Number of protein chains: 2
Amino acid sequence: MPTDANPRPTIYDVAQRAGVSKSLVSLVLRGSDHVSPARREAVEAAIEELGYRPSRAAAALASQRTRTVGVLIDDFHNPWFVELLAGLRSVLDPARYTASVADLQLEAATGSNPVEGFLAQHVDALVVAAEPAPGTLDGVDVPMVVAGMRELGLPDDGADVVAGDDELGARLATKHLLGLGHRRIGHLTGRSGPGAHRRRGYEAAMRDAGLEPAVTGEAGGTSEADGYAAACALLDARPETTAIVAGNDVMAVGALAALRERGLAAPADVSVVGHDDSPLAAYRFLGLTSVDGHSREVGAAAARALLARLDHPDAPPHRELLEPSLVVRHSTGPVRDASR
Amino acid sequence: MPTDANPRPTIYDVAQRAGVSKSLVSLVLRGSDHVSPARREAVEAAIEELGYRPSRAAAALASQRTRTVGVLIDDFHNPWFVELLAGLRSVLDPARYTASVADLQLEAATGSNPVEGFLAQHVDALVVAAEPAPGTLDGVDVPMVVAGMRELGLPDDGADVVAGDDELGARLATKHLLGLGHRRIGHLTGRSGPGAHRRRGYEAAMRDAGLEPAVTGEAGGTSEADGYAAACALLDARPETTAIVAGNDVMAVGALAALRERGLAAPADVSVVGHDDSPLAAYRFLGLTSVDGHSREVGAAAARALLARLDHPDAPPHRELLEPSLVVRHSTGPVRDASR
DNA sequence: GGTGCGATTTGGAGCGCTCCAAAGAAGCGT
DNA sequence: ACGCTTCTTTGGAGCGCTCCAAATCGCACC
C-alpha cells in the first residue's frame, strides 16, 4: 500500500527502495534482458510497493520516441473503422505502442489539421486509413502504412499498404447473384476510397458473364441517402433490374427504401447485397447479404507491417491484400420473375 | 521554407532567429498577454520560418501538466458515444486540451485497464461516460466529470455530472404514444446505465395515465438481439400490445423484426419508439421515431463543466440534466384497431 | 593467487520546455 | 532630470527519464 499524497514517486525513489541505481530501474522498465533476476525482482517489488508509474513525458523527451502511432480514420460513425482500430490495437498493445486516433470528419468540423496534430504529438509512425486533404501528407517523414485503401491520392512513394481486396469482394457479390440466376444486376457506387475498386469488381464479373454493367451514383457519396438516390436512379432507368450490388451496407439500406417505395421487396422481387458486413447488416430486420472485408484483420496486418517497418526502415515496401468473404443472409435469393 | 533534415528546431532556435530569449518564445507559445506585439510577431514569424513544432513531451515534463483529458466511453460502435466525443472535442479543442479516448469494450478485449492507462498517461482530468469495472476509479485523484450517466456505481463522491434526462425522454416517448391513442404500451429494457431511468420514465408516464406498465427484457442487455428477444417476450405475453417503447434504437430495430415475424407492421399494427436518435433511426427504411438525448450537447456541456472544475478545483459539484426531445418519424402512428 | 573477459551495474550529461526571481525598459509625476 | 511604478524580458534551475561510457562484479583458467 503506497503512502499517497506525497509527490508521485520517480525512478529515483524506486531505485532507493530497491537498493539499486536509477539506471538499473530504467533498464528493468524498458525490459532489458541484461538484468539479473534478483535485481529485477527487487525493482519490481519496489515499483509495486510505491505505486510507481513511469512518466511517459520524461521517457519521450529523453528517448526522442513516443511509442505512439497516429491513426487517421475517416469517421468513427463508420463501424468499418472501429473494427480496423480494434485490429490495429490488438497488435499495437502487446508491442507497447499506443494508438492516437484522429477522425477526419471530426477534425474537419473543428477545423484542425489531423496530420499536423500527429506531428505536434511527435508520433513514431502513421497509419493512414483515410484520405486526408491533398498535400497534408507531404512533409511527413515518419514511417507510414496505408490501411484499408489500396493507394493514396498523390504521394505514390513506396509506402506499405495493407487492404482488403475490394475488387474481389464486389466480384464475389456479383457472382453470388449470377449464381442465383440474376442477369439484370445493377451497382450503386459513390466517390470514395474503396468505391472505385468495388465498382470495378462488379463490372469485371458482369463482363465475364457476358452482361452489361449498369452503374449509378457516380456523382454522389456513399451514405444511406446516396444509396437511396442511386437506387432510385437505377430502378427508374432500368425497372427490369432484379438485383443490386451496393457500394456498402448503408447504401444497401438506402436501396431497400427505394425498393419499398416502388412496391418491391427484397429478396422476393429484387435481391440486394451490401458491402462491409457491418453490424447493421446482421440486424434481423435487415439481414443483408454482405461482403466481409475483414477490417479487423486488415487492421492487425497493418499494425504488423508497421512494426516490421519500424524494425527495418529500409526494407522493400510491403503490399498485402486480404481476401474478403461473402456472408449470405436473406436479402438475396433466386430470381423470381426474370421477365419483370 | 524551413531547411529540412537538420535536427528538429527547438525553442532556442526560434529564440535566436527572432532575436529574443527562449523564455520569451515560451511565453508566446503559451499565449501570454504580457508580450509586446512586436516581439510576438517576430517570434511567430520565426516559428513559421523554421517550421517549429513545440514538443509536448518537454512541455508536459516541465509543467507537470499534459493538457490531456482521458475520456472513457463504452463502445465506439455506439454512435451515441461518437457524438458525445464530438461535443466534448468541440469545447476541448479551443481550450487547447487533447482528448485521449478509451473504449471499454476494446480495452476489455485486449485485457488492459483503461483507467490505469490514463493514469500512466498522466491525464489532467477524466470524463467518465461509461461504467468501468468496479474499483477501477478508486485511487484516482484527478478532476472527473461523469457524462451521459446520472451516477457512477459506487463512488458517490460529489463528482460533476452532465447527462441527458433519460427519464424525461422516455416519458416524452410514452406520452407521444398515449397522445396517438395507444393504451397497450410495452417497454423493452435492459441492464445498462441509462436503462433504469428510461424505464422509470415510461412507468411514470403510464401510471400518470392510469395504465399499468408492461416491461420486458430486465434480464438482458441492450443490443439488437436483446431488443428482439424482449419484444418477442412482450408480444407473446400481451398480443394486444399496440405500441412499444424501446430502450434504444437498436432494440427498436430488434422489435421491428419481432413484429414482422408475427405478421405485424409498424406503424400500421404496432407503433415503435426508439431512443438516442442514432443515424440508424433516420434511415428511410426504418424511419424510427426516437428520443434525441442530444449527446453532442451533453458532451459539450461536460467539457465545459470539466474546464470549470479545472479552474475552480473546489467549487461545489455541478449537476446538469439536458432536456431531450422527441423526433417523430414514421414508426409511430395512431392506434388502428384498439381491440386486436 | 593473479589475469582476463563477459555480464551487470552505475554516474553523468542531456532531452526541450516551464516557471520563478530578478533585471531591464518605459512611462509618470514632480 | 530623478526616483518610482509598471510592464517586459531574461537567465537559471529543474521536470523524470534514457543512453553511453566507464566501473564493478563474478568467475573460469592458467
Side-chain angles (χ1 to χ4, degrees), chain A residues 2 6-44 46-47 50-68 96-98 119-124, chain B residues 2 6-44 46-47 50-68 96-98 119-124:
Chain A
N6 46 5
R8 176 168 265 137
T10 74
I11 203 179
Y12 285 92
D13 300 316
V14 175
Q16 186 171 40
R17 175 137 194 156
V20 301
S21 75
K22 62 159 189 17
S23 300
L24 206 256
V25 176
S26 172
L27 250 12
V28 171
L29 249 30
R30 281 175 291 144
S32 162
D33 50 353
H34 290 316
V35 176
S36 65
R39 303 286 171 101
R40 179 186 306 280
E41 269 174 47
V43 170
E44 279 164 354
I47 287 178
L50 258 30
Y52 166 78
R53 277 185 237 289
S55 156
R56 285 197 195 208
L61 180 57
S63 69
Q64 299 291 71
R65 286 179 294 102
T66 51
R67 292 198 83 82
T68 295
R96 312 247 240 123
Y97 275 91
T98 302
L119 261 27
Q121 226 176 120
H122 294 247
V123 297
D124 290 346
Chain B
N6 47 5
R8 175 168 267 136
T10 74
I11 203 178
Y12 284 92
D13 300 316
V14 175
Q16 188 171 37
R17 174 135 196 159
V20 301
S21 75
K22 59 154 190 21
S23 298
L24 206 258
V25 176
S26 173
L27 286 187
V28 171
L29 250 30
R30 281 176 291 144
S32 161
D33 50 352
H34 290 316
V35 177
S36 64
R39 303 288 172 104
R40 179 186 306 280
E41 267 173 48
V43 170
E44 279 164 356
I47 288 178
L50 258 30
Y52 166 79
R53 275 184 237 290
S55 157
R56 285 192 195 214
L61 181 56
S63 69
Q64 298 291 74
R65 285 179 295 104
T66 50
R67 294 199 81 83
T68 295
R96 314 247 240 122
Y97 274 91
T98 301
L119 262 27
Q121 229 178 115
H122 295 245
V123 297
D124 290 346

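Sequence lines set the chain letters: A, B, ... in the order given, protein chains first and strands last, and positions in each chain run from 1. Because the structure is a prediction, the values reported are computed rather than measured.
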- Task: Using a cut-off of strictly less than 4.0 Å between a heavy atom of the residue and any atom of DNA chain D, enumerate the qualifying residues of residues 17-25 of chain B by number.
- Result: B:V20, B:S21, B:K22, B:S23, B:L24

- Task: Kindly give the heavy-atom pair with the smallest separation between B:Y52 and B:L29, and that separation in Å.
- Result: OH-CD2, 3.6 Å

- NE2/A:H34 to OG/A:S32 distance, rounded to the nearest 0.5 angstrom? 5.5 Å

- Using the C1' atoms of the five pairs at each end, what is the angle between the end axes of the helix from C:dG1-D:dC30 to C:dT30-D:dA1, to 10°? 40°

- Message: Among B:L27, B:D13, B:I11, which residue satisfies the side chain to side chain contact (heavy atoms under 4.5 Å, CB included) criterion with B:K22?
- Response: B:I11

- Residues in side chain to side chain donor-acceptor pair (under 3.5 Å) with B:R39, at least two apart? none

- What's the shortest heavy-atom distance between A:R53 and B:H122, and which atoms? O-NE2, 4.1 Å

- Item | With sequence neighbours excluded, residues passing side chain to side chain donor-acceptor pair (under 3.5 Å) with B:S21 | none

- Message: Could you report the tightest heavy-atom contact between B:Q121 and B:T68, atom names first, then the distance?
- Response: OE1-CG2, 4.0 Å

- Query: Near DNA chain C, under 4.0 Å by heavy atom, which residues of residues 55-62 of chain B?
  - Reply: B:S55, B:A58, B:A59, B:A62

- For A:R17, what residues pass the salt bridge (Lys or Arg N to Asp or Glu O under 4.0 Å) criterion, not counting sequence neighbours? A:E49

- State which residues pass side chain to side chain donor-acceptor pair (under 3.5 Å) with B:S26; sequence neighbours excluded, sorted by chain then number. B:R30

- Query: Under 3.5 Å, is there a donor-acceptor pair between the side chain of B:R96 and the main chain of B:R67?
  - Reply: no

- Residue set satisfying side chain to side chain donor-acceptor pair (under 3.5 Å) with B:D124, at least two apart, ordered chain then number -> B:T66

- Task: Using side chain to side chain contact (heavy atoms under 4.5 Å, CB included) as the criterion, list what pairs up with B:A42, not counting sequence neighbours.
- Result: B:A18

- Query: Hey, can you pull the residues of residues 30-44 of chain B with a non-hydrogen atom under 4.0 angstrom from DNA chain C?
  - Reply: B:R30

- Task: Compare every heavy atom of A:A58 with every heavy atom of B:L61, then report the nearest pair and how far apart it is.
- Result: CD1-CB, 3.7 Å

- When every non-hydrogen atom of B:V35 is compared with those of B:V28, the smallest separation belongs to CG1-CG2, 4.0 Å

- Query: With a 4.0 Å cut-off on heavy atoms, is A:L29 in touch with a base, just the backbone sugar-phosphate, or nothing at all?
  - Reply: nothing

- Task: Assess whether atom CD of A:Q16 is packed by more than 12 heavy atoms of other residues, nucleotides or ligands within 6.0 Å.
- Result: no

Grab the N/O contacts between the protein and nucleotides 22-24 of chain C below 3.5 Å, and write none if there aren't any.
none

- Mapping B:Q64 and B:L27 onto DNA chain D by nearest heavy atom, which one lands closer to the 5' end? B:L27

- chain B vs DNA chain D, heavy-atom contacts under 4.0 Å, first-to-last nucleotide span, 5' to 3', is D:dT8 to D:dG16

- Message: On a heavy-atom basis, which atom in B:A57 and which in A:A60 lie closest, and how many Å separate them?
- Response: CB-CB, 3.8 Å

